[in-house]
Amino acid sequence: MITESGKYKPEVVEPKWQKYWFENQMFKAEDFSEKPKMYVLDMFPYPSGAGLHVGHPEGYTATDIVCRFKRMQGFNVLHPMGWDAFGLPAEQYAVETGTHPSITTKNNINNFRSQIQSLGFSYDWSREINTTDPNYYKWTQWIFLKLHKKGLAYLDEIPVNWCPALGTVLANEEVIDGKSERGAHPVIRRPMKQWMLKITEYAERLLNDVEELDWPEGIKEMQRNWIGKSTGAEVDFKLAKSSNIIRVFTTRPDTLFGATYMVLAPEHPLVGIITAPDKKNDVSAYKKLAAKKSDMDRTELNTEKTGVFTGSYAINPVSNDEIPIWISDYVMMGYGTGAIMAVPAHDTRDFEFARKFGIKIKAIIRPDENEANKENIEINDVLSGNACWTGNGVLIDSANETGLDINNLSVNDSKRTTIEWLKNSGLGKKTVNYKLRDWLFSRQRYWGEPFPVVHMDDGEIRLINENNLPVSLPEIDDFKPLGTGESPLAKAQEWLEYTDPDTGQKGKRETHTMPQWAGSCWYYLRYIDPDNNLEAWDKAKEKYWMPVDLYVGGAEHAVLHLLYARFWHKVLYDLGLVSTNEPFQKLVNQGMILGTSYKDSRGALARTDLVKEEDGKFYHIETEEELVEFPAKMSKALRNVVNPDDVIAEYGADSFRLYEMFMGPLEAVKPWNTKGVEGLRRFLQRSWRMIIDEDGEIAKNINDEELDKEQLRILHATIKKVTKDLETLNINTAISQLMIFLNAFSKYKTTNCGAIEIYVKLLSPLVPHFAEELWQRLGHNQSIAYEPWPTYNEEMTKENEVEILVQLKGKPKARIMMPADISKEDMEKMAMENESVRGIIGGSTVTKIICVPGRLINIISG
RNA sequence: GCCCGGGUGGCGGAAUGGCAGACGCAACGGACUUAAAAUCCGUUGACCGCAAGGUCGUGGGGGUUCGAGUCCCCCCCCGGGUACCA
């Protein structure tokens with residue numbers, strides 16, 4: 001008879017243990033402890049109305065496993081969760097329905113929390129934070145005051161990415177291909193007064209300190225590229241017929257003698273001044289065209305160069321030649337000085353431009369012969385101006401009468417020499433340029449942190465006193481954007497008007513709010529001391545917990561969040577408010593989980609509900625065309641979104657967790673396959689059956705008999721493999737080893753109870769509810785969560801005898817059993833005395849024998 | 001274009017320079033069952049062969065090595081990032 005208590009029932013076991021953990025506050029982190037600390041952080045989610053996605057629990061499961069593992073190893077673990085809850089969707093929903101964003105947010109958070117809790121994660125819920133809570137954003141505002149006082153926040157009238165559909169400006173990082181990152185609405189350029197943060201002041205440190213981080217190389221590289229440091233020189237060009245000077249930035253000062261024209265960005269302030277009267281019409285027409293073009297979708301980038309001549313000339317400072325000044329939109333006002341010296345012989349863009357407009361091309365580098373051959377470029381073509389060379393070589397025709405002679409020098413040497421000469425002649429100097437721009441920190445939205453700022457009527461910008469924080473969001477009932485560049489906050493009359501309590505001076509509050517990134521720039525610090533009403537965090541606690549030892553999240557935050565947070569952290573460090581230079585010591589990106597989709601012969605993906613399966617093949621319901629299975633991003637449009645709630649309801653949270661980890665390496669992109677969850681459910685079922693018999697009793701063959709040699713070997717090998725794999729986050733192979741253990745131990749007639757308990761312990765970080773239940777049934781009345789992690793004996797993992805492969809000239813021929821610890825000499829002796837080995841060698845002469853202990857013998861014969 | 005990843009059975013994926021394909025899914029065969037599901041046992045890279053066995057095989061081509069999925073060079077394809085950055 002199978003009784004109820006004999007069955008594995010996740011639907012009973014999982015809520016039982018979740019309740020137990022919650023009621024006993026099992027995972028509350030202690031501030032300060034004798035134990036070593038471990039701070040494991042998940043990127044906190046934006047609680048969207050759509051709820052949890054199978055992608056969310058992937059990283060959360062991995063960190064939960066690490067935390068549970070580390071607790072058993074005696075660490076004091078901090079593992080918090082919270083909500084990045086400011087953001088556009090709740091506000092747009094408010095515009096449509098009138099529901100206040102705080103209500104939407106609260107509901108979504110409740111939904112997210114219960115979904116997350118149903119997965120059995122061991123968060124310290126007493127530290128839950130919410131960026132929209134005034135008790136939280138009070139401190140976000142406080143940090144803004146710190147930034148401002150340090151001179152890192154300023155107002156500036158700049159051309160910004162204005163998104164009419166969203167009614168707000170966006171940071172450069174939030175604009176993709178000329179469209180908004182969220183919603184893909186068109187974005188146009190428009191000058192507006194905005195709050196900016198001087199992240200550029202930290203560019204060098206943000207770049208250098210990347211080196212010391214234990215982050216994926218790809219992410220570090222993306223940060224470096226985004227900062228985009230380039231070293232070169234600023235050079236001043238005099239105009240031929242006026243006293244104006246055009247300053248350019250170049251990374252190739254060595255090519256100055258080859259500069260045969262200049263180009264200004266169309267928006268360059270000198271354009272209006274230097275344009276010759278007969279060119280005014282052409283130039284202003286082009287400027288208009290360029291302005292319109294920058295409003296257009298940037299993906300349709302036309303590589304064909306355009307531009308017009310201004311009618312003016314500049315003097316090349318090294319050769320004294322008069323060179324024409326053009327304007328073109330291939331030079332951007334936003335980078336360097338907005339003007340370039342053009343060296344068509346040695347820059348591909350300049351080359352294209354000069355070719356098109358018939359401008360002189362003057363070669364001043366003789367290409368390196370080997371390199372030119374490799375690139376398939378004729379040296380003579382370069383020298384005659386018919387090909388462009390950007391590589392190495394030797395300088396030619398590059399000397400003047402005022403002491404600069406770089407002929408015969410290499411590119412690098414001539415750069416150095418030229419910069420030296422420019423400096424001595426007062427014409428230029430060595431400069432460093434960054435692609436990184438200052439951070440646009442204003443948004444014209446309601447649902448964000450208000451700035452603690454008042455614009456006084458006399459023009460003074462006044463900061464709200466620290467003691468009067470937070471500046472709370474006013475209640476309003478119309479969330480529609482004004483479309484003027486002001487946020488909906490401008491409608492909150494009462495809130496808006498400010499009167500100085502002492503002087504009676506009047507002013508208006510800042511109506512911009514902070515971008516969503518603000519709250520996530522420092523949330524990891526608030527978890528350390530979430531209820532502190534006197535300060536943002538206690539310094540001693542910060543010192544104890546920081547830095548974050550492991551940070552797991554999606555690669556989509558490679559530049560945005562991670563760069564901004566590092567910037568704030570460095571500012572806080574400089575202010576003596578945090579003890580570490582960097583916030584996140586180790587970073588791991590979980591790969592995206594793809595859904596199943598179906599592709600036709602043209603490569604088009606079909607909606608999953610329009611696909612039918614027959615005999616293992618897939619067909620389109622309407623066209624009858626045969627389709628092939630193809631992994632694709634989960635999307636509503638493809639109807640291939642998998643909802644974790646459904647999976648948990650059918651298989652249980654433990655099977656779900658196990659499957660997500662078994663799919664492959666954490667960082668890899670991998671396709672979801674619900675069949676796979678069944679396999680893991682089966683694995684748990686078989687593990688259960690090995691331990692619990694059909695009556696719900698401990699299986700009869702589990703006793704206190706000693707393990708035999710082979711059982712001991714498998715047990716210790718399993719402890720070793722699982723321990724090492726959890727340490728390195730190779731959770732998929734840890735699970736494989738546990739399966740190997742089960743396959744072996746479920747076949748033995750009798751099993752030692754201690755070995756089974758170790759198995760349950762090894763499983764417990766992965767499938768905590770399952771393990772708790774078995775642990776209890778095995779007679780323990782304490783939770784397994786803090787049981788000491790099993791240790792292994794290296795000697796036990798070794799086999800006495802191993803099978804050695806005998807190869808003849810690399811081909812496998814025979815297998816001989818040999819003692820595991822045999823020496824090379826004895827291996828060779830044993831092999832050569834072996835009958836079948838002799839037969840394999842036959843009459844041929846052995847010239848060499850390679851012995852690899854524990855592995856193989858390779859016999860080379862002539 | 002440039003910068004990062006990656007390419008291994010039908011599928012997800014394993015492999016300190018040492019027997020490629022661990023583990024799982026799927027498939028097939030068998031046991032149990034009136035039957036099915038569940039469960040259990042077995043087979044499963046391709047090709048040749050009755051068999052013993054052999055040949056080929058980690059995107060393609062070369063190389064280093066006694067030995068290469070792994071190291072080196074060249075090329076192709078896929079994914080991500082970025083883009084007239086001077």
Side-chain angles (χ1 to χ4, degrees), chain A residues 176-177 216-222 224-226 228-230 232-233 248-252 255 263 265 298-299 301-306 328-332 334-343 347-350 352-353 374 433-437 555-556 558-559 589 591-592 594 596 616 629 631 633 658-659 662-665 667-680 682-683 685-686 689 721 730 732-740 742-743 746-747 803-813 815 847-861:
Chain A
I176 294 164
D177 296 337
E217 200 39 56
I219 302 289
K220 287 164 81 165
E221 192 59 22
M222 281 165 75
R224 290 187 201 107
N225 288 342
W226 193 264
K229 179 181 183 175
S230 56
V248 302
F249 171 72
T250 177
T251 56
R252 297 293 303 271
T255 60
V263 185
R298 300 274 290 178
T299 44
L301 260 186
N302 201 342
T303 42
E304 183 79 0
K305 298 276 182 294
T306 59
S328 170
D329 63 2
Y330 86 89
V331 173
M332 258 131 316
Y335 183 79
T337 60
I340 63 158
M341 63 175 211
V343 186
D347 180 285
T348 47
R349 294 154 303 179
D350 299 345
E352 277 172 40
F353 191 85
K374 224 174 172 179
N433 232 303
Y434 299 93
K435 242 162 73 176
L436 185 70
R437 303 264 73 99
E556 66 273 19
V559 280
N589 290 122
M592 204 190 329
L594 302 176
T596 308
E629 245 184 314
K633 271 186 199 176
L658 209 51
Y659 173 65
F662 189 64
M663 288 171 86
E667 316 80 42
V669 175
K670 35 205 181 276
W672 178 269
N673 173 11
T674 299
K675 277 274 194 297
V677 190
E678 280 178 36
L680 276 304
R682 251 191 314 262
F683 163 68
Q685 199 96 45
R686 295 211 299 129
R689 188 52 72 225
K721 177 90 175 135
N730 294 108
N732 54 331
T733 47
I735 297 169
S736 297
Q737 183 63 38
L738 289 162
M739 288 171 169
I740 291 168
L742 173 70
N743 290 344
S746 54
K747 286 196 178 82
E803 191 183 72
I804 299 295
L805 176 76
V806 181
Q807 295 181 326
L808 183 68
K809 288 187 264 190
K811 298 246 189 256
K813 291 292 177 186
R815 284 152 229 275
T847 53
K848 194 174 179 183
I849 300 176
I850 295 122
C851 293
V852 184
R855 297 278 182 181
L856 52 72
I857 297 174
N858 192 3
I859 300 167
I860 315 302
S861 66

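These numbers were taken from a predicted model, which means no experiment stands behind them. By convention in this document, chain letters (A, B, ...) are assigned in the order of the sequence lines, proteins followed by strands, and residues within each chain are numbered from 1. The analysis underlying the following values was restricted to heavy atoms, covering all of them including side chains, and did not include hydrogens, waters or symmetry mates.
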Inset, instruction - For A:N858, answer base if it contacts any base atom (sugar-phosphate contacts may also be present), sugar-phosphate if it contacts only those atoms, and nothing otherwise; contact means non-hydrogen atoms under 4.0 Å. - result: base

Legend entry - Separation of the P atoms in B:A38 and B:C25, to the nearest angstrom: 12 Å

Legend entry - Separation of the P atoms in B:A22 and B:G13, to the nearest angstrom: 15 Å

Inset, instruction - Compare the minimum distances between each of B:G24, B:G18, B:C25 and the side chain of A:I850, then state the nucleotide with the smallest one. - result: B:G18

Inset, instruction - Verify the contact: side-chain N or O of A:R682 to OP1 or OP2 of B:C25, cut-off strictly under 4.0 Å; return yes or no. - result: yes

Inset, instruction - Output the single nucleotide from B:C23, B:C19, B:G13 whose closest atom is nearest the side chain of A:E803. - result: B:C19

Legend entry - Distance test, side-chain N/O of A:S230 to OP1/OP2 of B:A86, below 4.0 Å: yes

Legend entry - C1' gap between B:G21 and B:U70, integer Å: 15 Å

Inset, instruction - Would you mind classifying the nucleic acid contact of A:G679 as base, sugar-phosphate or nothing, using non-hydrogen atoms under 4.0 angstrom? - result: sugar-phosphate

Legend entry - Whole-Å P distance, B:G9 and B:U58: 9 Å

Legend entry - Side-chain donor/acceptor of A:K670 to backbone N/O of A:A668, under 3.5 Å: yes

Legend entry - Salt-bridge contact A:R349-A:E352 (side-chain N to carboxylate O under 4.0 Å): no

Legend entry - Integer angstrom distance from the P of B:C75 to that of B:G67: 27 Å

Legend entry - side-chain N/O A:R686 vs B:A38 OP1/OP2, d < 4.0 Å: no

Legend entry - Separation between the C1' atoms of B:A26 and B:G79, rounded to whole Å: 26 Å

Inset, instruction - Considering only atom C1', compute the distance from B:G62 to B:A14 and round it to an integer number of Å. - result: 28 Å

Legend entry - Each stem that RNA chain B is part of, given as range with range (3 or more consecutive Watson-Crick or G-U pairs, under 3.5 Å): B:1-7 with B:76-82, B:10-12 with B:23-25, B:27-31 with B:39-43, B:45-48 with B:53-56, B:59-63 with B:71-75

Legend entry - Rounded P spacing from B:G49 to B:U55 in Å: 16 Å

